[in-house]
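A short write-up of the structure that comes next.
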Amino acid sequence: DNIAAIKMSIIRFSKSINEGDDTENQNHIWDVLSHAKVSIKGDVSIIAVYPDLEAFKRVNKIESLVDISLRETLYVIREHTAIVIIIEKDKREEALKLLKGLEIIRVKENATALVVISPEDIVSTSGVLNTIVSQFAKNKVNIEEIISCYRDTIIIVDEKDSTKGYQIVKNLIPSLN
């Protein structure tokens, strides 16, 4: 569609002027984003637990709560300061039972996962994640958690920001407009 191509050219041009970024790199960023896909998954919860040895053992048991064949959500991020579990809302209580007695740092209900699947070029293109995150900041949408590995970028926002967050990502991906 010619209108979409013109729109993307204007966006690229304005971004290169506003941010002073390398035009060639900006073109790579927009090429990656133009081939990305996005999905949205509501009703997820975030559980953060202190990362001691017992927590690591129990977190592995949480995987059994999730049915991968039903595409249920489970992300586990093992950090230095916490183990963060992002799980379906209806599995949250079962997960918390498995974690009983451990130091729970945070439980967040009513979150939404925005999942951006990019082409493989994202691995070798600097600035893609920055471009996405800066648009969230510019639009005053807080990112509660973000996971980026290989082609997947999972952005967790509060449920109240899910529509606005999806719109931000949608505006970055020309094929969705």
Side-chain angles (χ1 to χ4, degrees), residues 1-48 66-77 84-92 106 108-177:
D1 181 306
N2 287 340
I3 294 174
I6 292 168
K7 179 179 175 184
M8 279 315 299
S9 294
I10 292 169
I11 290 171
R12 285 183 195 143
F13 180 71
S14 68
K15 293 228 182 260
S16 68
I17 289 172
N18 291 336
E19 298 171 8
D21 285 353
D22 171 14
T23 303
E24 185 177 339
N25 191 55
Q26 280 292 325
N27 288 337
H28 287 297
I29 292 168
W30 294 115
D31 188 52
V32 167
L33 288 171
S34 70
H35 293 94
K37 306 281 187 241
V38 66
S39 64
I40 187 168
K41 173 68 178 155
D43 294 329
V44 298
S45 295
I46 304 167
I47 303 169
V66 177
D67 187 342
I68 295 171
S69 69
L70 297 176
R71 302 188 60 107
E72 291 180 331
T73 300
L74 175 66
Y75 303 108
V76 178
I77 306 101
V84 178
I85 303 149
I86 299 164
I87 194 165
E88 303 269 339
K89 181 179 172 180
D90 64 346
K91 305 286 183 176
R92 181 186 66 247
R106 174 178 184 234
K108 163 71 175 163
E109 300 178 28
N110 304 320
T112 298
L114 301 164
V115 182
V116 180
I117 308 295
S118 300
E120 196 167 335
D121 290 353
I122 191 172
V123 176
S124 59
T125 305
S126 62
V128 177
L129 192 56
N130 179 60
T131 299
I132 294 170
V133 170
S134 66
Q135 289 303 305
F136 276 77
K138 183 178 176 180
N139 288 282
K140 296 177 177 45
V141 174
N142 185 44
I143 295 174
E144 302 229 0
E145 300 288 341
I146 187 165
I147 308 160
S148 180
C149 62
Y150 189 48
R151 295 175 47 206
D152 301 357
T153 304
I154 299 104
I155 303 163
I156 308 297
V157 298
D158 190 281
E159 188 178 79
K160 71 177 173 43
D161 292 326
S162 60
T163 302
K164 194 172 183 182
Y166 180 78
Q167 193 62 46
I168 290 166
V169 174
K170 183 179 173 218
N171 288 341
L172 289 169
I173 302 174
S175 62
L176 298 177
N177 293 311

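Residues take their numbers from the sequence shown, with the count starting at 1.
Considering only heavy atoms from C-beta on, Ile87 comes within 4.5 Å of Val66 through its side chain. Residues Glu145 and Ile46 have side chains in contact (heavy-atom distance under 4.5 Å, counting atoms from C-beta outward). By the 4.5 Å heavy-atom criterion applied to side chains, Asn139 and Lys164 are counted as neighbours. At least one side-chain heavy atom of Val115 sits less than 4.5 Å from a side-chain heavy atom of Tyr75. Counting heavy atoms from C-beta outward, Gln167 and Thr163 have side chains that stay 4.5 Å or more apart. Between Ile154 and Leu114, the closest side-chain pair of non-hydrogen atoms is not below 4.5 Å. Ile86 has its side chain within reach of Ile156: a pair of non-hydrogen atoms, C-beta onward, lies under 4.5 Å apart.
Qualifying side chain to side chain donor-acceptor pair (under 3.5 Å) partners for Glu72, counting only residues two or more places apart in sequence or in other chains: none. Residues meeting the salt bridge (charged side-chain N to carboxylate O under 4.0 Å, His left out) test with Asp152, sequence neighbours left out: none. For Lys91, the side chain to side chain donor-acceptor pair (under 3.5 Å) criterion is met by no residue, not counting sequence neighbours. Here Asp43 pairs with Lys89, Glu159 under the side-chain contact (heavy atoms from CB on, under 4.5 Å) rule; sequence neighbours left out. Checked against salt bridge (charged side-chain N to carboxylate O under 4.0 Å, His left out), Arg151 has no partners two or more places apart in sequence or in another chain.
Of all non-hydrogen atoms in Ile173 and Ala36, the two that sit nearest each other are CG2-O, 3.4 Å.
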**Ile40 and Val169: CA distance, side-chain angles, deciding distance, side chain to side chain contact (heavy atoms under 4.5 Å, CB included) verdict** = CA-CA 10 Å; Ile40 187 168; Val169 174; over 6 Å; no
**Request:** Determine, stepwise, if the pair Lys41 / Thr112 fulfils side chain to side chain contact (heavy atoms under 4.5 Å, CB included).
**Result:** CA-CA 6 Å; Lys41 173 68 178 155; Thr112 298; 6.0 Å; no
**Item:** Verdict with reasoning, Thr153 to Ile147, per side chain to side chain contact (heavy atoms under 4.5 Å, CB included)
**Value:** CA-CA 6 Å; Thr153 304; Ile147 308 160; over 6 Å; no
**Message:** For Ile85 and Leu74: C-alpha separation, side-chain torsions, deciding distance, then whether side chain to side chain contact (heavy atoms under 4.5 Å, CB included) applies.
**Reply:** CA-CA 7 Å; Ile85 303 149; Leu74 175 66; 3.8 Å; yes
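Counting heavy atoms of neighbouring residues, nucleotides and ligands inside a 6.0 Å radius, atom CG of Leu70 exceeds 12 of them.
For the atom pair CD1 (Ile29) and OG (Ser34), the distance works out to 12.0 Å, reported to the nearest 0.5 Å. How far SG of Cys149 is from CD1 of Ile77: 9.0 Å, rounded to the nearest 0.5 Å. To the nearest 0.5 angstrom, Ile68 atom CD1 is 11.0 Å from Thr73 atom OG1.
With respect to Phe136, the side chain to side chain contact (heavy atoms under 4.5 Å, CB included) criterion is satisfied by exactly one of Ile146, Val157, Asp161: Val157.
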Anything under 3.5 Å between a donor and an acceptor, one on a side chain of residues 116-129, the other on a protein residue two or more places apart or in another chain? List them.
unit_1 : atom_1 : unit_2 : atom_2 : d
Glu120 : OE1    : Tyr150 : OH     : 3.3
Ser124 : OG     : Asp121 : O      : 3.4
Thr125 : OG1    : Asp121 : O      : 2.7

